[in-house]
Amino acid sequence: MNDDLGLNPSPAEGNVARASEDWPGLWFSQDAIARLVVGRDLSVLQANAQAERLLDGAGPISIREGAITCRDRRTAGEVANVVTGAGAKSRFTVIGAAILVEASSLGEPDRGPVALTLRDLNAPVEIECAELEPVFGVTPGEHQVIVQLLNGYSSREIAETFGKSILTVRTHVKRAYGKIGVKTRGQLFARLLPYLAIR
């Protein structure tokens with residue numbers, strides 16, 4: 001008996017086997033981040049659904065007839081520079097003041113295909129945070145307040161959201177800052193960056 005992903009239990013080994021072994025393709029297609037792989041000539045080799053939605057033709061970049069196209073020459077030049085200049089180390093560029101592009105070569109620096117990760121700069125940002133309790137010793141209440149701070153909310157807004165007093169929220173902030181070893185929101189963000197997923 002298979003589920004909708006083609007997974008079936010293996011009674012002999014007690015683990016799960018997949019009928020189709022395209023795990024990377026499945027992972028790529030279900031990723032919440034817009035990703036695509038392009039050739040150096042801007043031909044689209046593979047794009048996930050999120051990339052196709054982002055590049056649907058309404059913005060400065062789109063996918064047409066299997067290739068990346070741009071609405072104007074300036075944007076076309078920016079995209080071409082990002083793709084042709086991609087190397088082993090990730091490179092970040094803003095295209096058309098609307099899309100943040102991370103580019104890195106998947107093969108030889110000057111010849112191989114290029115992996116692009118795209119972020120719509122006009123879309124709301126979602127920040128997810130790993131559990132901080134075991135790492136820094138913060139309480140669940142402090143963790144909740146820290147996540148809200150990272151999402152850009154003020155102490156007053158956090159108090160209203162959770163039905164707590166402003167004094168309680170400020171106490172959580174002060175104690176959490178002490179445990180994490182920071183003094184400002186900027187330091188907090190920098191210190192917790194390895195523990196965050198930003199979408």
Participant: Check for me, please, whether V101 and F92 land in the same ILVMFWY cluster - side-chain distances under 4.5 Å, paths through other members count.
Facilitator: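 The answer is no; the residues belong to distinct hydrophobic clusters.
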
Participant: Can you find a pair of side-chain heavy atoms, one from L150 and one from F189, that are under 4.5 Å apart?
Facilitator: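 A side-chain contact exists here, since the closest heavy-atom pair is under 4.5 Å.
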
Participant: To the closest 0.5 Å, what do you measure between CG (L55) and CD1 (I63)?
Facilitator: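 If we round to the nearest 0.5 Å, L55:CG and I63:CD1 are 5.0 Å apart.
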
Participant: Please report the interatomic distance SG(C70) to CZ(R64), rounded to the nearest 0.5 Å.
Facilitator: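 That separation rounds to 10.0 Å.
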
Participant: Measure across I180 and R191 and return the closest heavy-atom pair with its distance rounded to 0.1 Å.
Facilitator: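 Residues I180 and R191, closest heavy atoms: CG2-CG, 3.6 Å.
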
Participant: If you look at every heavy atom in S155 and V169, which pair is closest and at what distance?
Facilitator: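 Shortest heavy-atom contact: O-CG1, 3.8 Å.
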
Participant: Looking at side-chain heavy atoms only, is the closest gap between V82 and V114 below 4.5 Å?
Facilitator: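 No; the side chains remain at least 4.5 Å from each other.
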
Participant: Should E78 and R74 count as an ion pair when the cut-off is N to O under 4.0 Å?
Facilitator: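 Counted as a salt bridge, because a side-chain N and a carboxylate O are separated by less than 4.0 Å.
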
Participant: Of all heavy-atom pairs between G39 and V83, which one has the smallest distance, and what is that distance?
Facilitator: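 Taking G39 first and V83 second, the nearest heavy atoms are O-CG1, 3.7 Å.
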
Participant: For residues 42-49, which side-chain N or O atoms pair as donor and acceptor with protein atoms under 3.5 Å away, sequence neighbours left out?
Facilitator:
| unit_1 | atom_1 | unit_2 | atom_2 | d |
| --- | --- | --- | --- | --- |
| S43 | OG | D41 | OD1 | 2.7 |
| N48 | OD1 | R35 | N | 3.1 |
| N48 | OD1 | Q50 | N | 3.4 |
| N48 | OD1 | A51 | N | 2.9 |
| N48 | ND2 | F28 | O | 3.3 |
| N48 | ND2 | I33 | O | 2.9 |
| N48 | ND2 | Q50 | OE1 | 3.4 |

Participant: Does any non-hydrogen side-chain atom of I61 lie less than 4.5 Å from one of V79?
Facilitator: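 Yes, their side chains come closer than 4.5 Å.
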
Participant: Between V38 and L36, is there a side-chain heavy-atom distance shorter than 4.5 Å?
Facilitator: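 Result yes, sub-4.5 Å side-chain heavy-atom pair found.
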
Participant: Of the non-hydrogen atoms in S104 and S90, which two are nearest, and what is the gap between them?
Facilitator: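 Nearest heavy atoms, S104 then S90: CB-OG, 4.0 Å.
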
Participant: Please confirm whether the backbone N or O of S154 pairs with a side-chain atom of E157, one donor and one acceptor, at under 3.5 Å?
Facilitator: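 Side chain of E157 to backbone of S154: a pair is present.
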
Participant: Are F136 and Y177 near enough that their ring centres are under 6.0 Å apart?
Facilitator: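 Centroid separation for F136 and Y177: 6.0 Å or greater.
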
Participant: Excluding sequence neighbours, so at least two apart, what forms salt bridge (charged side-chain N to carboxylate O under 4.0 Å, His left out) with K174?
Facilitator: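 Testing K174 for salt bridge (charged side-chain N to carboxylate O under 4.0 Å, His left out), a comparison that skips the adjacent residues, returns none.
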
Participant: Establish whether V135 and V173 are linked, either directly or via other cluster members, by ILVMFWY side-chain heavy-atom contacts under 4.5 Å.
Facilitator: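 Yes, because V135 and V173 connect within a single hydrophobic cluster, where side-chain heavy atoms sit under 4.5 Å apart.
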
Participant: Just checking, any donor-acceptor pair under 3.5 angstrom between side chains of T168 and T171?
Facilitator: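 No donor-acceptor contact under 3.5 Å links the two side chains.
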
Participant: Any chance the side chains of R40 and S105 put a donor and an acceptor closer than 3.5 Å?
Facilitator: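 Yes.
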
Participant: Enter the distance from E102:CD to L100:CG here, rounded to the nearest 0.5 Å.
Facilitator: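 Between atom CD of E102 and atom CG of L100 there are 8.0 Å.
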
Participant: If you count every heavy atom of other residues, nucleotides or ligands that lies below 6.0 Å from K164 atom NZ, does the total exceed 12?
Facilitator: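 Check fails, neighbour count at 12 or below.
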
Participant: So, N151 side chain and V147 main chain: donor-acceptor pair closer than 3.5 Å or not?
Facilitator: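 Yes, the answer is positive, given that a donor and an acceptor are paired below the 3.5 Å cut-off.
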
Participant: Decide, yes or no, whether a salt bridge links K179 with E142 under the criterion of side-chain N to carboxylate O below 4.0 Å.
Facilitator: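 A salt bridge is present here (some side-chain N lies under 4.0 Å from a carboxylate O).
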
Participant: Find the distance between CD (Q144) and OG1 (T161) and round it off to the nearest 0.5 Å.
Facilitator: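 Result: 9.5 Å between the selected atoms.
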
Participant: Could you check if a side-chain atom of I146 sits within less than 4.5 angstrom of a side-chain atom of L188, using non-hydrogen atoms only?
Facilitator: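 Of all side-chain heavy-atom pairs linking L188 with I146, at least one is under 4.5 Å.
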
Participant: Does I99 belong to the same Ile/Leu/Val/Met/Phe/Trp/Tyr cluster as L121, with side-chain heavy atoms less than 4.5 Å apart forming each link?
Facilitator: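 No.
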
Participant: If two hydrophobic side chains count as joined below 4.5 Å and joins carry through other members, does V37 share a cluster with L116?
Facilitator: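 Hydrophobic grouping puts V37 apart from L116.
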
Participant: Side-chain contact test, heavy atoms from C-beta onward, threshold under 4.5 Å: evaluate it for Y195 versus E131 and give yes or no.
Facilitator: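 No; the side chains remain at least 4.5 Å from each other.
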
Participant: Enter the distance from Q187:CD to T184:OG1 here, rounded to the nearest 0.5 Å.
Facilitator: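 With rounding to 0.5 Å, CD (Q187) is 3.5 Å from OG1 (T184).
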
Participant: With the side chain counted from C-beta on, respond yes when L149 and Y153 share a heavy-atom pair under 4.5 Å apart, and no when they do not.
Facilitator: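 Sidechains of Y153 and L149: no contact.
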
Participant: What's the shortest heavy-atom distance between E133 and H143, and which atoms?
Facilitator: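 Reported closest heavy-atom pair: OE2-CB, 3.7 Å.
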
Participant: Quick one: CD1 on I158 to CZ on R170, what's the gap to the nearest 0.5 Å?
Facilitator: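 It is 11.0 Å, given to the nearest 0.5 Å.
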
